[in-house]
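Take a look at the structure below.
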Amino acid sequence: MGNAAATPVLSARGLRKEYGKGEGLVRAVGGVDLDVGAGETVAIMGPSGCGKSTLLHLLGGLDRPSGGEVLLNGRRIDNTSENALARMRRTDVSYVFQSFHLMEELTAVENVELSALLAGRSPQAARRRAEELLDRLGLVGRSRFLPSALSGGQRQRVAVARALSNEPLVVLADEPTGNLDSAATLDVLHLFKDLHESGQTLVIVTHDARIAATADRMFSMRDGVLVDETRPTGAPGRLGALIGLED
Ligand SMILES: Nc1ncnc2c1ncn2[C@@H]1O[C@H](COP(=O)(O)OP(=O)(O)OP(=O)(O)O)[C@@H](O)[C@H]1O
Ligand SMILES: [Mg+2]
C-alpha cells in the first residue's frame, strides 16, 4: 500500500491455468509472477503452445485463472464479478489480436470509435478521438474505408487505434505482426515504438525479435512459466540503426 506511484499497473501472483483433467490435464500457465509498471513495455517470447496467449487472456480478464491473482492498479480482477470484469475490459484494458478482429461491416473510424463509445464517451468525443488516432497512426484519408479495402498493416493500425480509443491503462497485444508481411511488420513495429515513447503501458507477445527489442524488459516463456528476463539493449534511439531502419 502506501506509495501509490510504485503500484504496478498490472501484476500477476502465482498465476495458473489448467485445462481438462486427469490424463488430459494441460498446464497452460504454471505459476507466473509479473509486475508491469506504468509506462513500461514488456515483451513475452516463447515457442508455440508454451502458454503466451493463455497468460495474456488471464492478464486481460478474458479468462479466469485456476489459481493465483491478477491485479490491475493494485485491485484484484481475477475474482471479481462478471459485470465488473466486463466493465474493466471496456474501460481499463485493451487487446490487439493477431487477426485484427475488426468488424468488417463497419468503416475504420466506426471500428475505432466503438470502444470509446462502449467505454461511455459521447458520440462526438468518440468520433473526434477516433479521427485523431487514425491521423496519428498514418491513416489520414482512410477513415471511411471498410477493413476489406485496407492492407494488412493498415488493418492492424486500425486495430491498434481501436485499442487506444478508450484510453486504457494497459494494452495487451498477442502476436500483433503475426499475419503481416515484412513491410507491414515494420509499420506496426514503428507504431509500438511510438506508443512506448508516448508512455502507454504495453504487454506484447511476439515471435519477432525486432518487436521484443523495443521493450524495456523481455521474458522468455517455456511450458507455462517465465524462465528468463532480459533488458533489450535496443533502446528506441538505437533500434533503428540496429535493424536498419532510418528514423
Ligand atoms: N481452451 C483450451 N482447452 C484446452 N487446452 C487449451 C485451451 N487453450 C489453450 N490450451 C492449451 O494450452 C497450452 C497453451 O496454449 P496457448 O494458446 O496459450 O499457447 P501460445 O504460447 O499462445 O501458442 P502460440 O504461439 O501457438 O500462439 C497449449 O498446450 C494449448 O493446447
Ligand atoms: Mg498464442
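Counting starts at 1 for both ligands and their atoms, following the listed order.
Of the protein's non-hydrogen atoms, the one nearest atom 12 (O) of ligand 1 is Ala28 CB, 3.3 Å. In terms of protein heavy-atom proximity, atom 26 (O) of ligand 1 is closest to Ser48 OG, 2.5 Å. Of all protein heavy atoms, the one lying nearest to atom 1 (N) of ligand 1 is Tyr19 CE2, 3.5 Å. In terms of protein heavy-atom proximity, atom 25 (O) of ligand 1 is nearest to Lys52 NZ, 2.7 Å.
Salt bridge present: Arg157 and Asp187 bring a charged side-chain N and a carboxylate O closer than 4.0 Å. We find that Glu40 and Arg217 are joined by a salt bridge, their nearest charged nitrogen and carboxylate oxygen being less than 4.0 Å apart. A salt bridge links Arg13 with Asp35; the closest basic N to acidic carboxylate O contact falls under 4.0 Å.
The nearest protein heavy atom to atom 31 (O) of ligand 1 is not closer than 4.0 Å. By the definition of a contact as any protein heavy atom under 4.0 Å away, atom 4 (C) of ligand 1 is in contact.
If you chain together hydrophobic residues whose side chains sit under 4.5 Å apart, Leu164 and Met88 never meet in one group. One hydrophobic cluster holds both Leu58 and Val170 under the rule that ILVMFWY side chains link at heavy-atom gaps under 4.5 Å. A single hydrophobic cluster is seen to contain both Val9 and Phe219, as judged by linkage of ILVMFWY side chains at heavy-atom distances under 4.5 Å, directly or through other members.
Atom CZ of Arg136 has 12 or fewer neighbouring heavy atoms from other residues, nucleotides or ligands inside a 6.0 Å radius.
Residue contact annotation: Ser53 places an N/O/S atom under 2.8 Å from the Mg ion (ligand 2).
Between Cys50 and ligand 1, an N or O atom pair is found at a separation short of 3.5 Å. Backbone and side-chain nitrogen or oxygen atoms of Ser53 are examined, and one is located within less than 3.5 angstrom of a nitrogen or oxygen of ligand 1.
The closest approach between a heavy atom of Gly46 and any atom of ligand 1 is not below 4.0 Å. Using a non-hydrogen distance threshold of 4.0 Å, Gly20 does not register as a contact of ligand 1.
The option from Gly51, Gly24, Gly49 that lies nearest to atom 23 (O) of ligand 1, judged by heavy atoms, is Gly49.
Using a 4.0 Å cut-off between heavy atoms, His207 contacts ligand 1 through its side chain alone, with no backbone atom that close.
Residue-ligand proximity, Thr54 to ligand 1, at heavy-atom distances under 4.0 Å covers atoms 14 (C), 15 (O), 16 (P), 18 (O). The Val26 neighbourhood of ligand 1 comprises atoms 11 (C), 12 (O), 29 (O), with distances under 4.0 Å to a heavy atom of that residue.
In this structure the side chain of Val93 reaches within 4.5 angstrom of the side chain of Leu72, judged on heavy atoms. In this structure, the side chains of Val42 and Ile204 stay at 4.5 Å or more apart for every pair of heavy atoms.
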Tell me, with the steps shown, if Asp63 and Lys17 meet salt bridge (charged side-chain N to carboxylate O under 4.0 Å, His left out). CA-CA 9 Å; Asp63 206 352; Lys17 180 71 178 182; 3.5 Å; yes
